[in-house]
Protein chains: 2
Amino acid sequence: MGIDALDGRLITLLDREPRIGVLEASRRLGVARGTVQARLDRLRAHGVIRGFGPQVDPAALGYPVTAFATLEITQGQGPDVRAHLASVPEVLELHTTTGEGDMLCRLVARSNADLQRVIDKVVGFEGIVRAATAIVMENPVPLRIIPLVEQAARDAPPS
Amino acid sequence: MGIDALDGRLITLLDREPRIGVLEASRRLGVARGTVQARLDRLRAHGVIRGFGPQVDPAALGYPVTAFATLEITQGQGPDVRAHLASVPEVLELHTTTGEGDMLCRLVARSNADLQRVIDKVVGFEGIVRAATAIVMENPVPLRIIPLVEQAARDAPPS
DNA sequence: ACCCAGGCTGTGCATTGTGTCCAGCGAAAA
DNA sequence: TTTTCGCTGGACACAATGCACAGCCTGGGT
């Protein structure tokens, strides 16, 4: 699946101003409404655009502390540990990885003190051997996708 | 900033079906349209809902490989390193952390081989002393927020 | 050289949703 | 008790949506 320059501009535009809708987008991009509609349908069909869900800020919800925990798991306990972590609301994300640990998860907490409670909840489970936590201080580059979209659009200029 | 049960249901609903709009949401929730509109305005004003931007899947864009890199920085080079990393499209996210390394970043690449190129680009910069990379194999818990929203709504039932 | 398929355009239509008001009402705070 | 606040239900003009269609251009295949 590749995207062309128009797809790239469309995604970028929607990212900056999600409220504009198809008609206004077509005006901004200088193409017909049907084209924007078709492109959007195609991007969604191909899974490039997964959806337009609300982007919720954990900090505004009262969870301003973010941390990453590297977990080491005992052999064979993977599935159980996953289920356990999935049941903890403060676990925002969980990956299994190569390298140092076996899993990496993103946590949030109400405060540094509260983080202790969250970590206890996370690691207080059979099968987790060791956990290393890194507390996030700053977030110089918040989760983004636009630069990648633009590069992808550049890599495949032909439609 | 706290959210009540109605806010929680609204966010959850919008997360599951982002396309429904205010009117349909009010029907589903069994409240007046004005109420939904007011809640939405309030949530956006307080920063709980940052927006409704498109959720783009890097894999569908041709970047199916995700990795996390822990970087160690030489004293005083922080700002330069941040600027450098921000200029790399494959760097989706960057945090400064406590603990083992000084920074943690999320990378994507076109393949495991391509990851080498990305890593070279990332670490080929003055000020980066050491880098440890963990390649993501599975993603048992994709980035989520709903469980946290529900807990936050439960924590503040009054209103 | 030819034809065809696919994408874009510009247009139309009926339906639906939006933004924005307002008055009434109940409950909680002062 | 009185004020304040949020929710309700309704109204309105306007804008956007989903869907369909014919014409046009272009690149690829025959």
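For the numbers below, each heavy atom of this structure counts, side chains included, while hydrogens, waters and symmetry mates do not. The sequence lines fix the lettering, A, B, ..., with proteins before strands; numbering per chain opens at 1.
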From CG of B/L29 across to P of D/dG9 the rounded distance in Å is 14 Å
### Query
Would you say C/dC8 has OP1 or OP2 under 4.0 Å from some side-chain N or O of A/R39?
yes
B/F68 six-ring centre to B/R106 NZ/CZ under 6.0 Å and within 45° of normal = no
Between CG of B/L40 and P of D/dG6 the distance, given in whole Å, is 16 Å
To the nearest angstrom, the CZ-C1' distance between A/R42 and C/dC8 comes to 13 Å
Note: for B/L6 and A/G34 on DNA chain D, the residue whose nearest nucleotide lies more 5' is B/L6
Separation of C/dG19 atom P from A/R19 atom CZ, nearest Å, is 6 Å
With no hydrogens and no angle check, do the side chains of B/Q151 and B/D155 hold a donor and an acceptor under 3.5 Å apart? no
### Message
What contact category does A/E24 fall into here, base, sugar-phosphate, or nothing, at under 4.0 angstrom with non-hydrogen atoms?
### Response
nothing
A/F52 atom CZ is separated from D/dT17 atom P, nearest whole Å, by 12 Å
In whole angstroms, the gap separating P of C/dT15 from CG of B/L23 amounts to 17 Å
Practice prompt. Could you check whether B/R27 gets within reach of a base, just the sugar-phosphate, or nothing at all, counting any heavy atom under 4.0 Å?
Written response: sugar-phosphate
The answer to which of B/I20 and A/A32 contacts DNA chain C further toward the 5' end, by nearest nucleotide, is A/A32
All heavy atoms of A/Q77 vs all of A/I73, minimum pair found to be CB-CG2, 3.9 Å
Check: Do B/R117 and B/D114 sit within salt-bridge range, that is, some charged N less than 4.0 Å from a carboxylate O?
Finding: yes
Of the candidates C/dT9, D/dT8, D/dT17, the side chain of A/T35 sits closest to C/dT9
**Q.** base_contact_polar (C/dG19 base, B/R33 side chain, donor-acceptor, <3.5 Å)
**A.** yes
Separation of D/dG18 atom P from A/R44 atom CZ, nearest Å, is 10 Å
Query raised in the report: Do the side-chain N or O atoms of A/Q37 get closer than 4.0 angstrom to the phosphate oxygens (OP1, OP2) of D/dT17?
Result: no
Here the distance between atom P of D/dG18 and atom CG of A/D41, to the nearest Å, is 8 Å
Looking only at heavy atoms, the pair that brings B/R39 and B/D4 closest together is NH1-OD1, 2.8 Å
